[in-house]
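Below, chain A is the first sequence line, B the second, and so on; all start at residue 1.
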Amino acid sequence: MNYIKRSSYYLLLAIPLLFSCKKTFLDVQATDQLSSETVFSDYSGGDLFLNDIYSRLPDAEATSYNYDSFEDWGDNTVCSFHWAISWVVSVARSYGASTANPGLYNHDYPAMPFMYNYMYQFIRKCNLFIQQVTEKSANFPDTWRTQRLAEARFLRAFFYHELWMAYGGVPIVTDVLSLQAQGDSIFKPRSTFDETYTFITSELAAIANDLAVDNTKGKADEGRASKGAALALKGWVELFAHKYTDAAATNKQIIDELGNGHPYDLFPDYNAQFLTANNNNKETIFAYQHEPSTRVSYRSNYYGPKGNYGAWGAMQPTQNLVDDYAMANGLAITDPGSGYDPAHPYANREPRFYQSIIYDGSEFAGQTFDMKAGGEFAINPGAENNTGYFRRKGIDESLIGNLGKEGANFIFFRYAEVLLNYAEAKIEAGQTDQDAIDAIDKVRTRAGLPGLQATYGGSLTQSQLRDIVRRERRIELAFETKRWWDLIRWRNAETLLNAPIYGVEITQQGGQWVYNTRSLVHTQQFFTKNYLFPIYQGWIDANSVMKAQNGGDGWVNGQNPGY
Amino acid sequence: MWKNVSRLYQRCVWLLSVLLVFFIGNGVFAQDAGKEMIGISGKVSSSDSGVALAGVSVEVKGSGKGTVTDEAGLFTLRVPAGSVISFHFVGYKPMERIAGKDWSGDIRLTPAGKDLDEVVVVGYGTQKKTSTTAAVSTLKMADIKDAPSANISNSLNGRLAGVIAAQNSGEPGKDGAEIHIRGVATTGSNAPLVIVDGVPRDFSRLDPNTIESFTVLKDAAAVAPYGMAGANGVILVTTKKGKSGKAALSYNGYVGYQNPTTIVKMVNAYDYVRLRNIADANAGQTPIFTDEQLAGYKKSVEHAADADYDKYPNTNAMDAIRNKNTLIDANNVSISGGSDNTTYYIGLGTLYQQGLWSTTKDKRYNLVSNIETRPTQTTTIGLSINAFNEIIDRPSADPNQIFSTAQAWWPINAIRYSNGLEAYNNGKRILPYLTSGSRTSDQTKIMGQLSVQQELPFIKGLSLKGVFSYDPTTYFDKNWGEPWASSYSINTTTNPYTYTEVKVAGLPSLGEQNQRWKEYTFQGFINYHNTFGKHDITALAVMEARKTNWDYFAASRGNYQFNIPEIDLGSSDKETWGTGGSSSMTRQVGYVYRVTYAYAGKYLFEASGRYDGHYYFAPGSRYGFFPAFSAGWRLSEEPFIRDNLHWIDNLKVRGSYGESGNLAGAPFQYSSAMTLAGNVYDFNGSVLQGVSERAEPNPSITWERAKKTDVGVEGSLWGGLLSFTADYFYEKRNNMLVSPNSIVPVEYGIGLSQVNAGIMSNHGIDLSVSSFHSFSRDLKVSLTANFTYAKNKLIQTYENSVTLNDPHRRRTGRPLNSQFGLKALGLFQESDDKNKDGKITADDGFPVQTFGDVAPGDIRYADVNGDGKVDASDETYLGSPILPQIIYGFNPRVAYKGLDLSLLFQGAAQSMVQIQKELVWPFFVGANATQKTADDYWTPDNPGARYPRLFGQGGNSNNQQNSSWWYWSSSYLRLKSVELGYTLPASVINRIKLRSVRIYVSGLNLFTISPVKDFFDPEMGQAGGGDNNARGWYYPQQKVVTAGLNVNF
């Protein structure tokens, strides 16, 4: 029995042994997290935090919901799917922003680039970065700190400008909110449209000179927010706010200080500038950065044509857009002297038409597109071919068979827009001088069109110039998600977004192919209240201070008029 | 720290090895060196009536030698001194006696119904059923042995009072049940703790044949030993151990076929085009299908002689991919036996189950070896190994994706043309989901456990026990993606039609991942049991330490030139490579005690609890104490009952109060933490990492604390004719982790960590009743039934002021997950459009509905707050949560001669589920329409329709609001299982030298009554599962019919 006794003692020993190591037994280190002290201990950690903020920019071409592009909300394009939000919204214009069903906001970010809740998440990131880098300034080299703080403030202004365009004035949060430290003062009132405008533009003015000057290909600051980016955003915001004199001055500053190849200028090939190989070319002022392995773009995959190329064909150009492409002689097709022939609508159009649109008889990626009745891509809503057109601009033919590997940047601002912004601001400010015309001509010339003088001769009135610059802008920036905001700021959405959307139906009549360019795709609705987007009721309910506010800027009883 | 931890385990392992060597050595020396034979005799009678029992089997345990009693209940036998004599008789509890100098020939067998010595498994031990003061229910596997359930977790539903189980999915390998004990008592995790043979483990993959019993611990007295893991209840699973005696070989196997319980019926091509034209016209759009197309599809649907199926296809994607009558097959062979000193149970089980489509199947092997040896009279050593390997094959695509694609499939799209080529349909295809690529997961788990128990002879009743368990698990997953095969577009303007190949470019890719878990548990027990006169005392102390480690590693390559799925054979272009990896660990430690005191076997007192520590929380707030107290009174032992009311066999009332904990949330919520992610952004052409803030930390975060009260009564009457257990329970859960996000504005920009601020109560009853009666030797009938009612109430939570201040919308004070929405009053009729402008507006005298244009045929809502418009603020309370508040089962059985029949009906009530989107909104976001909606949508001629007017493809925003219109009661009653068996008579068996043979047929989920069953299986609705279930995107539960054979050699 000795064995038993001895072993029993060992067993008894076991219990105190276990007690003896309890103090450290429960210490487990998380292997998937970092502390803020670690992250902001030096500049490389700070860069990682800023990378994340850059990645939150509303990249219109790279997430799952982007098959229903924000471009489809305007009159340039329609989505292939009739159930898509853009389609439903444009037909019924019923935003249904109720608590029970967010309706409109079923769509995801960044297909809707201005989503209120997301913007404030990103703004917090900017505020946190600014707070941490400022507090721990000793950890960072001065030059790094100055530039990166300016980048964070630029990004914050960018997110605010999306909110401001969509909702008008919004609460301005510039510090890191803390329920524990701040109590009820975390509830911020909604600022007015003008206050928000002033915040955005003054921020951009304050930081522009701290940013890199050259962010083009091969430079150390390639792809980062630059001085040009800050000024382009500021000039655009001023234009949006109808502050035409300011907008003209800001855009002029870009042209004078940063244009003509220092570092920006127009890229010689209109369409090639969008391809992966030409990322961050000299025309790109600010773009969402992609590369073809893991940070890919879905532009060609979603918006490229169906058929052998294998893309979704989800962004289909409307006849409304196609009609605005000029003739090769520079005149609009509505101009009696344009030479437009309805029986041959695709003949003698301006070069950008052929670079932007796949139409009946176009060749793309080795396939000839047959849009005639009975043909594979003819208008057929049942097959989700809605307009008789596909998008060509920016679609990379060489990606056939490899559509998931596109590295093309999504461009927020490019030099051509700065020129057009400048021209438009000047025209609206009544300064219809040669400077304005030169800016338009520069864009037209690059596109292979004659200048305004050569096209129209004589002098053009402000009203004529306005029409010209607006049409020029529509064509030059087609598919770049600019159209909606243009219609909003021009206050002509009620006209253009109440007009029917057309496609082309090509039928054989008496041995001839006849082009019906008034084939109805769908009718639209747009009401005055829709100039602003509604704020989802739940977002308002969560902010008692905002909910209590009344009056001013269409702000009625806690809700935007778009409701 | 690492040093300490590793030292601890070194010590533990060393200690156990030493013990093992000593005991085995000791055992060898202590072997009995031959025994003297003695003669024994006796009389066997029934303990209640005193009647002599004839034909009782009397056997020397482990030797196979024995005899049977004669007509007078008498027997004689020569046996080795000290051997164990066992007595078995049908309808009576078996009994064992030791043949020695204390031998008494008076053997009284207790009828099964009056089983006073029955032992129940409780936390860290066992207790006599009569003396337990806690609320526990037990299910013996022998009672449900042949229900053909691939996943054992589905066997509990309807069998046990207090247990609410619902199967989440019917997909092979992923078909486990979601289990709640006594309903939902917290906003956090409601999962009960599952313990297999004393150690926290998953039981869902065990071979049902190897399980002895399930015990469910429900009240504080029962769960207190599990500390902060016990508040949601505990399920104890006990596996089979060997029984001493001659080796008994047993085979059990069945084969059967399966079909889904529910497949939603979709409209045909003609109805599709017809209804879509109506829907588009209602939405103000131009109908897109011409009369010619309508006529063409009509012909195809009607199989007209001149139907043109290539131009006007009529297809059903689900039927095209689904196999019917899929196979399920399970086999188990086990051997059990042993000598006086050593017993063993070893078994091998196999399961083979086919899925709904050809590429899904599940294969599982279970291996069990439970060995127990007593090297000395006071020492017991057990080694248990329970292992399984499961290989699941399935398509590369997720089932939800396949179901959503099949359900949304337009019936006007061809699947194959008449010439056999696969159709292109603008890229919409269903077949490649099954034919392109494949996914295999392969999981192996070994549950290994060594225990050593030593009685200490120098203190009577004291014993020590050490348990060490090591459970390694490996999981391997291989996902092979292939580009879809070519399909063909069709041009119907040519004659004959032309078919153009559409190639899908690309090359195969492969992703593999390995995951590895290692779980270690150490338990040290001190047990004490002694009796001093009428005083009976037990005491238990346990120290338990547990650690688990997990790591993960993944690799992938693309652009395979050959269809050989091996990582090395993929492209050498590093652009196409991917890797991933991570790891985590857990630690916990607890100190358990339990003390019981019984006076005269009728006044019972118990105190138990645990001091528990967990790594989830900040240093300094890691340990908590969870005590419980209970008492019982066995009235049936009091003279006034025992002497007067003979029909009461057993009657006990008991009560308990205590506290237990629930670990909710996630680890490290106490620390301010940021997350590092790869592939976040890209500068200068290189991909970069990014860091983001996770959530605001909560340094004081801690466990939930439950205060549980239970009052119960249990009894057995008329010799087993009626037994019952009934419990009332009340629980208040404090410290629930709730999110304060609703009190910060959206502009705050980040989620807050949860805080321990929620309070919830839960109360109800659970009840089980059983009755057993033998009408004759041949005819026996029994009925068992159980009923559970549990209703919770949110007492304190974070709620934003908008709903809190509105009595219609307030969440606080109502059951958790109560349903809220607009109250639908019906559909607007043409007569409601008083000014005949085609719209319903304020001009027609109705409150303005603010969700878009409204016309006759749209849903009319109540203006609950009377402000003249219907909007979100008119949301109101609609009814019960998804999880039923009532669940019940009843199980009648009849046995006549060799035939036995067992039925299990199971049901649930007081639950509501929302059915929406594709299931009831025709053409929603480009989908198809269900037949139900096509049969009964509103038109002026069908004013009483169940479904509103058709409207476009996106649907009408007014009709898609969250409203009572779309809530169904998800109560149900189903024939959960049927089993009919025939046991071959002894005369036949003896001739073929077998011990017993039983053949049986059984069925699972054979029929169901439920308002929702046209759309999905009601258990699925019950499980919640979010949006995918409400849309019918899930792998349905299976209806199974099997035939089986059970042979004992």
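Among the candidates Glu747(B), Gln953(B), Lys503(B), Arg276(B), the residue making the largest number of heavy-atom pairs closer than 4.5 Å to chain A is Glu747(B). Of all the listed residues (Val173(A), Asn308(A), Val39(A)), the one sharing the greatest number of non-hydrogen pairs under 4.5 Å with chain B is Val39(A). Heavy-atom pairs under 4.5 Å with chain B were tallied for Arg224(A), Lys125(A), Lys188(A), Glu37(A); the largest tally goes to Arg224(A). Chain B forms more heavy-atom pairs under 4.5 Å with one residue of Ala30(A), Pro171(A), Ser36(A) than with any other, namely Ala30(A). Each of Gly404(A), Ala373(A), Gly218(A), Ser178(A) has some count of heavy-atom pairs under 4.5 Å with chain B, and the biggest count is that of Ser178(A). With chain B as partner, the option from Asn402(A), Asn117(A), Ile186(A) having the largest number of non-hydrogen pairs under 4.5 angstrom is Ile186(A). Among Ala383(A), Gly310(A), Gly313(A), the residue making the largest number of heavy-atom pairs under 4.5 Å with chain B is Ala383(A). Chain A forms more heavy-atom pairs under 4.5 Å with one residue of Val744(B), Asn491(B), Asn958(B), Thr576(B) than with any other, namely Val744(B). Of the listed residues Leu688(B), Val502(B), Thr675(B), the one with more heavy-atom pairs under 4.5 angstrom with chain A than any other is Leu688(B).
The aromatic rings of Tyr615(B) and Phe668(B) sit perpendicular, their planes meeting at an angle over 60°, well past the 30° parallel limit.
Of the atoms belonging to Ser583(B), heavy atoms from both backbone and side chain fall under 4.5 Å from chain A. Neither the backbone nor the side chain of Lys217(A) comes within contact range of chain B, judged by heavy atoms closer than 4.5 Å. For a residue to count as touching a neighbouring chain, one of its non-hydrogen atoms must lie under 4.5 Å from one of that chain's; by this rule Ile53(A) does not touch chain B. Residue contact with chain A, scored on non-hydrogen atoms closer than 4.5 Å, is absent for Tyr616(B). Both the backbone and the side chain of Leu179(A) come within contact range of chain B, judged by heavy atoms closer than 4.5 Å. Proximity to chain B (any heavy atom under 4.5 Å) is restricted, for Arg56(A), to the side chain, taken from C-beta onward. Interface residue Phe49(A): backbone and side-chain heavy atoms are both found under 4.5 Å from chain B. If you measure heavy-atom distances from Phe377(A) to chain B, you find no contacts under 4.5 Å at all. When heavy atoms are compared at a cutoff of 4.5 Å, Leu520(A) approaches chain B solely by way of its side chain, counted from C-beta outward. For a residue to count as touching a neighbouring chain, one of its non-hydrogen atoms must lie under 4.5 Å from one of that chain's; by this rule Glu501(B) touches chain A with the backbone only. The parts of Ile743(B) that come within reach of chain A are both its backbone and its side chain, each placing non-hydrogen atoms under 4.5 angstrom from that chain. In this structure, chain B has heavy atoms under 4.5 Å from both the backbone and the side chain of Pro381(A). Neither the backbone nor the side chain of Phe129(A) comes within contact range of chain B; no heavy atoms are under 4.5 Å apart. Contact annotation for Ala220(A): only backbone heavy atoms (N, CA, C, O) come within less than 4.5 Å of a heavy atom of chain B. For chain A, no part of Ser582(B) is nearby; none of its heavy atoms comes within less than 4.5 Å.
Electrostatic pairing of Lys465(B) and Glu455(B) does not count as a salt bridge here, judged by no charged N lying under 4.0 Å from a carboxylate O. A salt bridge is defined here as a Lys NZ or Arg NE, NH1 or NH2 lying under 4.0 Å from an Asp or Glu carboxylate O, and Lys428(B) with Glu384(A) meets this definition. Salt bridge annotation for Arg295(A)-Asp59(A): absent, with no cationic side-chain nitrogen under 4.0 angstrom from a carboxylate oxygen.
Between Gln689(B) and Val680(B), the shortest heavy-atom contact is C-CB, 4.0 Å. Considering every non-hydrogen atom in both Gln289(A) and Asn280(A), the closest pair reads OE1-ND2, 2.8 Å. Pairing each heavy atom of Arg587(B) with each of Val28(A), the nearest pair is CG-CG2, 3.4 Å.
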* To do: With side-chain hydrogen bond (donor to acceptor under 3.5 Å, both in side chains) as the test, would you mind laying out the steps for Gln454(B) and Thr378(B) before giving the verdict?
  => CA-CA 6 Å; Gln454(B) 177 63 52; Thr378(B) 56; 3.0 Å; yes
* Hey, mind stepping through Arg622(B) and Asp27(A) against side-chain contact (heavy atoms from CB on, under 4.5 Å) and telling me if it holds? -> CA-CA 10 Å; Arg622(B) 285 178 173 161; Asp27(A) 286 342; 2.5 Å; yes
* To do: Under the side-chain hydrogen bond (donor to acceptor under 3.5 Å, both in side chains) rule, what do Tyr748(B) and Glu696(B) come out as? Steps first, then yes or no, please.
  => CA-CA 11 Å; Tyr748(B) 202 78; Glu696(B) 275 203 324; 2.9 Å; yes
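Counted by atom type alone, Asp871(B) and Ser873(B) present one or more donor-acceptor pairs between their side chains at under 3.5 Å.
Note that CZ of Phe525(B) is 7.5 Å distant from CD of Glu544(B), once rounded to the nearest 0.5 Å. Note that the CD atom of Glu222(A) and the OG atom of Ser686(B) stand 9.0 Å from one another [nearest 0.5 Å]. For the atom pair CD (Gln588(B)) and NE2 (His614(B)), the distance works out to 4.0 Å, reported to the nearest 0.5 Å.
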